[in-house]
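Following: one structure in structure tokens, then a few remarks.
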Amino acid sequence: MVAAGTARKLVFSWLGNPGVGGLHAIRRRVEDTNPAPLELEEYSHFGMVGRYTAGASNLPFFPLRSYFETDLPKVNPLIRPIRSPYGDETVYAVPPLKPDVTVVHAQRADADGNTQMWGLLGCQKEAAFAAERVIVVVEDLVDEAVIRADPNRTVIPGLIVDAVVVEPWGAHPSYVQGAYDRDNRFYRDWEAISRDAATTAAWLDEWVYGVSGRAEYMEKLGAERVNSLRPSGSAPSGSVDYGVYE
Amino acid sequence: MVAAGTARKLVFSWLGNPGVGGLHAIRRRVEDTNPAPLELEEYSHFGMVGRYTAGASNLPFFPLRSYFETDLPKVNPLIRPIRSPYGDETVYAVPPLKPDVTVVHAQRADADGNTQMWGLLGCQKEAAFAAERVIVVVEDLVDEAVIRADPNRTVIPGLIVDAVVVEPWGAHPSYVQGAYDRDNRFYRDWEAISRDAATTAAWLDEWVYGVSGRAEYMEKLGAERVNSLRPSGSAPSGSVDYGVYE
Amino acid sequence: MSESRRDGPATGGSTPADSGATPPGFTRSEMMIVAAARELAGQRVCFVGVGLPNIAVNLARLTVAPELELVYESGAFGAKPARLPLSIGDPTIVTGATAAVSMFELFSFYLQGGLVDVGFLGAAQIDRFGNINSTVIGDYEHPKTRLPGSGGACEIAINARQVFVIMRQSRRSFVDRIDFRTSPGNLGGAEAAARTRREEGWLGSGPSVVVTDLGIYHFDETGEMRLDSIHPGATLEQVRDTIGWQPKVADPLPATLAPTSEELRLIREELDPEGAYTK
Amino acid sequence: MSESRRDGPATGGSTPADSGATPPGFTRSEMMIVAAARELAGQRVCFVGVGLPNIAVNLARLTVAPELELVYESGAFGAKPARLPLSIGDPTIVTGATAAVSMFELFSFYLQGGLVDVGFLGAAQIDRFGNINSTVIGDYEHPKTRLPGSGGACEIAINARQVFVIMRQSRRSFVDRIDFRTSPGNLGGAEAAARTRREEGWLGSGPSVVVTDLGIYHFDETGEMRLDSIHPGATLEQVRDTIGWQPKVADPLPATLAPTSEELRLIREELDPEGAYTK
């Protein structure tokens, strides 16, 4: 969206191609205002986590021990000191963030949107509870009984979900724990593609505008590459017993 | 401990015999200062959760939307208003709570103290991270591989655990999800026992001072009663796949 | 609250009975639980307090509100207890629930986040404006009776979209002045309460119904309780004798519909076979 | 940091080589990663940054620090990755880990709660006092180079008990004045930094080691970096040419022990067979 010019502003804590390098499309817009300037509102990771947590909790701010003696509060006036009502200690606060839409990718949900995930959870739960609308994209649509069999695994309740999209491989080039791996080749290739506006545009034409949807995109990637992303074996969690109490 | 007179002060949010009634031993000490006065520091549930969360997070306070227009801040000066640095909104704050010792009961842990639980989680995680020392009491001691097979199920890492006590039925008269039921008869009987200081003392003599440990206590309860507390069936969570990524 | 439900007793009910005796076939406690359950028709998410709310809400789930999502402050959402839990800390709340979460998450995201439609509370004392005491009778420092305290009631009253109360009425419980304000209701009246809620950023709009063993109260435009329905067998005299102020009474005053045989069967056979709540 | 480890190179190393060429058998990047890994001996909990820290910490786990608990800011504790993850968001971090938790929990309870012994960071710019820039080169509003930004580096520097840094040194990276302070080090010197940390209630005591492709720096009593070991093949001239200030140098200056064949095998065959980190 940054490369395609549809994003006007980024609220963020890290801008990179993880494990590879920088993000050239963003750099072009920030360093050269090409094709247009990009507005930035910058925090640290914990600051963003705090913002989502405040948004999800309907709190007017979230306090954290960060930002001391750094330049971040100088360039972002929304990072503000707050004094403790106990003693004279001062920490920093960040304001709530309530996204218009939060999109979450998960392993499974039922038709009501009750969603379970395992692996790294990031701040997907907080971002979902903070949002006006929530879209859940899942690898598998499962029966309600599957969800209710393991209530501690539920991360997002259907109560706050507006749409469930069943889209296997929907997280590519990223991964889904237990389903497929991170496609590192994609991230490495992106380094070269994204260095130049023209090659970036050509890639968008071919891989975004040029395909009808996720299924065609995966087909275009090719069976060999797709299959190489499957885990080399299974690592079952094992089952626990909740017990019947009648 | 209140009845036995070893507790001097309670920091709490609710004092009751859940589903049954009041707690007479506490009432005697508060209403009649018998056998000694009991100091109270009173919050609401969310206030206590906030206190543990602040303690676990090394925050000087935790903000919450509670206490507005109530008498609780009047009788507890540690519940204090705090003004948001965004706009002129005021919410309330509670101070961090860092217990000397937190005792947690769980289904299973490994020898390093990595602890997993399922069912109601309460604020056991926050109370453990906030504490100076942590004692985990478990139904089952399991191999490290059992824990590592399902990392999302881990609630308390061994890193903060000082001792693991393997004590099946250690939560009685309360319950352990999947292992045994709440012994409601005990809570109902307690209503009559605790109404009177003498019957309370007699009960303590018989069931606390008079037994060598948990095993003798369970034996004294009797096999029939103990067996009646087992779940009537199993309710397996099912297994999920984390995948092997080599 | 659904209007059809609210109007139900007015069109379909009988006139108040003259006699103060409990009519044959059901107890006052059963009537109270049934009336409270019916008030939940049309609601989606209900935060369930310990005690009487627990049985009323579970009856509602089996009758007028099958879609009701039960939230227990102990950390369960979408609970479908296979038996009536005596306590809110009970394994039957979790088995088969939609989600089991930490209390931090429950209070922060579900309650304070504004997802709870109805907070259902019991109380020891209530005043005409629905302010609630569950802390002490008498002076705080030297109480005549030390009660359990807030639990979650304080923040439920502030953050749930509306509050339902269920309690038996008596001169000791329906009082002109509560001894301690644990959970705010309409404070000193509707207008001031609305202003305070706005200024302090509360999500809740306060108490909307109080169900007792004698009748059903809603809150009028001044923020004061008004008897809108009287239970079969109860009299206005009994109502007035058990309230510490001159209560407002709807005119005409309909009678609450008696419990149906199915409602009674559910209470007696499925929810409370030992009669813990209905004695 | 264990003293035996720290003294190791001084007693067991050779004297600095005169030649600036990389000795045969290993690259400068390999030497840097090995030296960084060795510094982790005796540490328990390490918060792993993206990039070079990732490979150094994983090498340490396989060599000098088998008990090391790896914390990834993405939400894994006690990770035992079966392969070197390219990114910190990688499924191999979770499979077989002790715990997978939310970022809220990781940053609140593990990091801010004081459980992290070492925060291991990379950086684009560093000054003599260990203050770090990973945000922009040039002016913030109109940067010459827009870097990725803090990620977790800001709070890691403040809350981890101590901070290790790994980065290649150059005139552009080791600068007299960093363009933006993303993560605080010893601020303007040890004394002021200690006072600030105390007054502001930081848990961390700041940076304790910087490992580069040329040598190993610790911080002296003034809070300034001092070259304490020089890698085989590197010269003092090279060191001075790639630092934007007059660096302090230990006297005598030991040479870092060259990588062992096992360390090299682990890097080349197990951790980074594609040479992503060691080119």
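Chain identifiers are assigned alphabetically (A, B, ...) following the order of the sequence lines, protein sequences preceding nucleic acid strands; residue numbering begins at 1 within each chain.
Only the backbone of A:I79 comes within less than 4.5 Å of a heavy atom of chain B; no side-chain atom from C-beta onward does. Only the side chain of A:E89 comes within contact range of chain B, judged by heavy atoms closer than 4.5 Å. Residue A:R83 touches chain B through its backbone alone, counting heavy-atom pairs closer than 4.5 Å. For A:A54, no part sits under 4.5 Å from any heavy atom of chain B, backbone or side chain. At a 4.5 Å heavy-atom cutoff, the contact between B:P81 and chain A is made by backbone atoms alone.
The aromatic rings of A:F61 and B:F61 sit tilted relative to each other, their planes meeting at an angle between 30° and 60°.
Between chain A and the options B:R153, B:E246, B:R182, heavy-atom pairs under 4.5 Å are most frequent for B:R153. The candidate with the highest count of non-hydrogen atom pairs below 4.5 Å against chain A, out of B:L120, B:V91, B:V146, B:N58, is B:N58. Heavy-atom pairs under 4.5 Å with chain B peak, among A:G178, A:A235, A:G243, A:P95, at A:A235. Your options are B:A179, B:P96, B:S232, and the one with the most heavy-atom pairs under 4.5 Å with chain A is B:S232. Ranked by heavy-atom pairs shorter than 4.5 Å toward chain B, the options A:V176, A:L78, A:L64 are led by A:L78.
Residues A:F62 and B:F62 are in side-chain contact: their nearest non-hydrogen atoms beyond the backbone lie under 4.5 Å apart. A 4.5 Å side-chain heavy-atom check between B:D150 and A:W118 finds every atom pair outside the cut-off. Using a 4.5 Å heavy-atom cutoff, the side chains of B:R65 and A:P60 are in contact. Proximity of A:V240 to B:Q107: side-chain heavy atoms (C-beta onward) are nowhere separated by under 4.5 Å. B:N152 has its side chain within reach of A:L121: a pair of non-hydrogen atoms, C-beta onward, lies under 4.5 Å apart.
Counting non-hydrogen atoms of other residues, nucleotides and ligands closer than 6.0 Å to CZ of A:R8 gives a total of 12 or fewer. Atom CZ of A:R133 has 12 or fewer heavy atoms from other residues, nucleotides or ligands within 6.0 Å. Counting heavy-atom neighbours within 6.0 Å of A:R230 CZ, excluding the residue itself, gives a total above 12. Counting heavy-atom neighbours within 6.0 Å of B:D88 CG, excluding the residue itself, gives a total of 12 or less. Around CD of B:E191, the count of heavy atoms belonging to other residues, nucleotides or ligands within 6.0 Å exceeds 12. Heavy-atom contacts from other residues, nucleotides or ligands closer than 6.0 Å to CD of B:E219 number 12 or fewer.
Taking OG of B:S57 as the reference point, atom CZ of A:F46 lies at 6.5 Å (rounded to 0.5 Å).
Considering B:P231, B:S234, B:S237 in turn, B:S237 is the only one that fulfils the side chain to side chain contact (heavy atoms under 4.5 Å, CB included) rule with A:Y242.
Looking at A:Y86, its side chain does come within 3.5 Å of a backbone N or O of B:A93 through a donor-acceptor pair.
B:P85 approaches A:I82 most closely through the heavy-atom pair CD-CD1, 3.8 Å.
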